[in-house]
Amino acid sequence: MHGCYRLLFHSSRLHLPENQPTLFVFPFRSCSVLSPKTFDRKISTNSSLVSAFYDLHLRSCNNLYSLEQIHSNLATTGLLQHSPHLSAQIIVNYSKFGLLDRARALFDAVHANRSFLWNTIIRVYATSGHVDEALHLYSFMRPTGIPPNNYTFPFVLKACASKPMLRLRRGRGLHCEALKTGFDLDIFVQAALVDMYAKCGEIDDGCQVFDGMLEKDIVSWTTMITAYEQSTHPQESLLLFRQMQAQGIGGDQVTAISVASAIAQLGDIKTARSLHTHVIRNGFRGHVEVGNSLIAMYSNCGDVKSARLVFDGMKERDDISWNSMISGYSQNGNASDALLLFEQMRVHGPESNMVTALALISVCSHLGSLHLAKQVHSLIVSWKVDINTLLWNSLADMYAKCGDMDSAVQMFHDNRTSTKDASSWNVMISAYGLHGHGREALKLYQQMRAQGIQPDDITFTSLLSACSHAGLVEEGREVFDSMKELTMLPMAKHYACMVDLLGRAGLLDEAFDLIAEMPSEPNDAVWGALLGACRIHGNMKLGELAAKRLLCLEPEHTGYHVLMSNVYAASTRWHEVGKVREAMRDRGLKKPAAFSVLEFGREVHGFHTADQFHPEHVKIYGKIEGLIAEMKMKGYVPDGSCVLHDVEEEDKEHILKLHSEKLAVAYGIMRLQDGLPIRITKNLRICNDCHVAFKFISQVCNRMIIMRDANRFHHFQDGSCSCKDYW
DNA sequence: TCCTGCACCT
């Protein structure tokens, strides 16, 4: 402390402490109460030193009390009026404490007649979310006789970029003014223009500005690379990154972050690895943000192990690092690792936030575990944070996917925020659809319209799929036609839903005609829906046609191969089944392993087909034998067409017994108290035989079985299923 | 006379 004073006094050459800021700032920062008064008395004769002293304090000011003291000292000595620089510092500091009103009061009081101060207050408003006020002040500059300069434009453009829907016109106007004043040649203004156009969705205009730049620095390139990435043009983003490197500019850590996001969108693991090498070579690894984006990049490429290696290798981790890693596990279906990491976060990591909550909710939705869902919900409530609409919607979706429609409805009603929007309604419409309640979905849609909520493309996808799952063909047609009345052009996904709806109902020719009518080229979802319908109704000819198209569009999609082999198997065309399998083998595709999860209380049990790892598997197989014997007395006949191998009937029956969902149900009956429903989640579609068997079991054992498969919920009770065998 | 400025992560 004393050493610092001495330095200030004894060095006559000392002006601003910029040369060695840490030497000066550090001792002052540790001073809890300022001593400017004592200091004033000693050196108030030298005004430039006084300014330097206050400047120093303002730079390191971290509590409001000190700030107020400095403010009042400067005001009483009259220094404030003559030092716009100190005023600006105080204005910025007030905004750091969220005290925009005080910042503004000071700005007004000093009769700011310098562009510099106007720029400062505009920047403060623009960066603290008060976009309108920033633009408002800007429009007053010129009439007040203050000319905007090259510093002004980036601030105002930033304000426009943060409210893209409303501000594009204003942004274009600013571009004109920059052109007129010649500031459009300033490299900072240009980067801000590119950014503004891109954030307002006008990437081409941004590109034009970029191409017109005579000189480009790292930020110019990065801005354009980011612009492409954020407008979901990852290929262009990468191309530009390579062009930049070809010109001998390597990019900095910000560039690496944007490129990582672009690669995440592409999901290309090879490019991901080469970027990782680039990051290591250039020494960007130490930046937390870089590490975070690498985690997200690897997770999106499906390589969660590499993501974890990055996470473990980070010297510093923030809340985003933890959330990214938890989300990464969740996205890749790695529920237990996600939960484990969350537990570690609670012990060693930063505090959880909304994003953590969303990741946990996604884990529950994926698992379909109601028990876990309730725990996560009460955990979020205990955080005592305001639940926003996104979180309400996710909670409703989670409960619906965990089979608890009542709680889902509750979440929908509990959300009383004014931002309840189309997506809130969409969640509920698709929730009803998931449970086969098509009529409720339609009813909800009517209510939505009555409340004046504008439906979007997702509303119609959810509605059509709800109709499809409930077999409401006529209603589905009406919904589809009503899109045109609302001047909404049906997209490929809507056609896919319609093909699914008609196809399931056996109207295969009508479905095919609809595809022919499509204004755009049918995509894989459309042909996939047709192929699925062909499987249900055993139409091999049309199925082959659909499969041919599909394999051109998505040759690597395992599901479509499996679907086609199902079509052949259902018609006992074993030779063709073999061919499809061969094709899959040649491409290195594997049918995903069936997996069913049964939960009760705090326990979660997972079963693979013919599982022998479960500690009680012998007992479980015994239970299945007993159940089948009982069911056969009531008329159950095993459905061998579900077995996709060319084997003897007897073997088929044996294979059927070992399906993962049957193991799970048998174990549920063994362990769960009478009267309690058995809740099961399966990663694939439930097989026909299991569907028949569960109806019998629900009767024989007088049990409710609630099963979520890859497509929807089935509630088995008293010998029938809520899907009315239509799925 | 100076001082202010552009790009990034769930």
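A note on names: the letters A, B, ... follow the listed sequences, proteins ahead of strands, and every chain is numbered from 1.
- A salt bridge does not link A/Arg170 to A/Asp132: none of the charged side-chain nitrogens sits closer than 4.0 Å to a carboxylate oxygen.
- Contacts of A/Ile187 with the nucleic acid, taken as non-hydrogen atoms under 4.0 Å apart, include base atoms.
- For A/Ala296, counting side-chain heavy atoms from C-beta on, the closest listed nucleotide (B/dC3, B/dT10, B/dA7) is B/dT10.
- A/Ile225 has its CD1 atom 14 Å from the P atom of B/dC9, to the nearest Å.
- At whole-Å resolution of the value, CG in A/Asn150 and P in B/dC3 are 12 Å apart.
- Looking at heavy-atom distances under 4.0 Å, A/Gln230 makes contact with sugar-phosphate atoms alone, never a base.
- Counting heavy atoms of neighbouring residues, nucleotides and ligands inside a 6.0 Å radius, atom CZ of A/Arg172 exceeds 12 of them.
- Heavy atoms of A/Asp186 sit under 4.0 angstrom from at least one base atom.
- Residue-to-nucleotide contacts include no donor-acceptor pair under 3.5 Å from the side chain of A/Asn119 to the base of B/dG5.
- The side chain of A/Asn323 has B/dT10 as its nearest neighbour among B/dT10, B/dC6, B/dA7.
- At a threshold of 4.0 angstrom between heavy atoms, the contacts of A/Thr223 are confined to the sugar-phosphate backbone, with no base atom among them.
- Between the P atom of B/dC9 and the CE atom of A/Met325 lies a distance of 19 Å, rounded to the nearest Å.
- Evaluation of the ring pair (Phe, Tyr, Trp, His ring centres under 6.0 Å) test over residues 230-283 of chain A, restricted to residues two or more places apart or in two chains, returns A/Phe241-A/His278, A/His276-A/Tyr298.
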### Query
Between A/Tyr125 and A/His136, is a side-chain hydrogen bond (donor to acceptor under 3.5 Å, both in side chains) present by the stated rule, with each step listed?
CA-CA 10 Å; A/Tyr125 278 127; A/His136 186 66; over 6 Å; no
### Verdict with reasoning, A/Arg346 to A/Glu343, per salt bridge (charged side-chain N to carboxylate O under 4.0 Å, His left out)
CA-CA 5 Å; A/Arg346 294 177 82 177; A/Glu343 277 308 315; 3.6 Å; yes
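- The stretch residues 246-271 of chain A touches DNA chain B through A/Asp252, A/Val254, A/Ile257, A/Ser258, A/Ser261, each having a heavy atom under 4.0 angstrom from the strand.
- Side-chain contact check for A/Asn292 and A/Ser324: no donor-acceptor pair (N or O, by modelled atom type) lies under 3.5 Å.
- Nearest to the side chain of A/Phe188, among B/dA7, B/dG5, B/dC9, sits B/dG5.
- A straight line from CE of A/Met314 to P of B/dT10 spans 13 Å, rounded to a whole angstrom.
- Atom CG in A/Asp217 sits about 12 Å away from atom C1' in B/dG5, given to the nearest Å.
- In this structure, of B/dC6, B/dC3, B/dT4, it is B/dC3 that holds the atom nearest to the side chain of A/His85.
- Test A/Ile269, A/Asn332, A/Leu309 against A/Asp303 for side-chain contact (heavy atoms from CB on, under 4.5 Å) and you get one pass: A/Ile269.
- Protein atom NZ of A/Lys216 is 21 Å distant from nucleotide atom P of B/dC6, rounded to whole Å.
- Comparing B/dA7, B/dC6, B/dC2 by their nearest atom to the side chain of A/Pro154 picks out B/dC6.
- Between A/Phe183 atom CZ and B/dC6 atom C1' there is a gap of 16 Å when expressed in whole angstrom units.
- You can call A/Tyr151 stacked on the base of B/dT4; the centres are under 5.5 Å apart and the planes sit within 30°.
- We find that NE2 of A/His175 is positioned 15 Å from C1' of B/dC6, with the value rounded to whole Å.
- For A/Lys158, no side-chain nitrogen or oxygen approaches OP1 or OP2 of B/dT4 to under 4.0 Å.
- By the side chain to side chain donor-acceptor pair (under 3.5 Å) test, A/Gln89 is found to be paired with A/Asp55, residues two or more places apart in sequence or in another chain being considered.
- Here the nucleotide nearest the side chain of A/Arg123, chosen from B/dT10, B/dT4, B/dC8, is B/dT4.
- Counting only heavy atoms from C-beta on, A/Ser324 has its side chain closest to B/dT10 among B/dA7, B/dT10, B/dT4.
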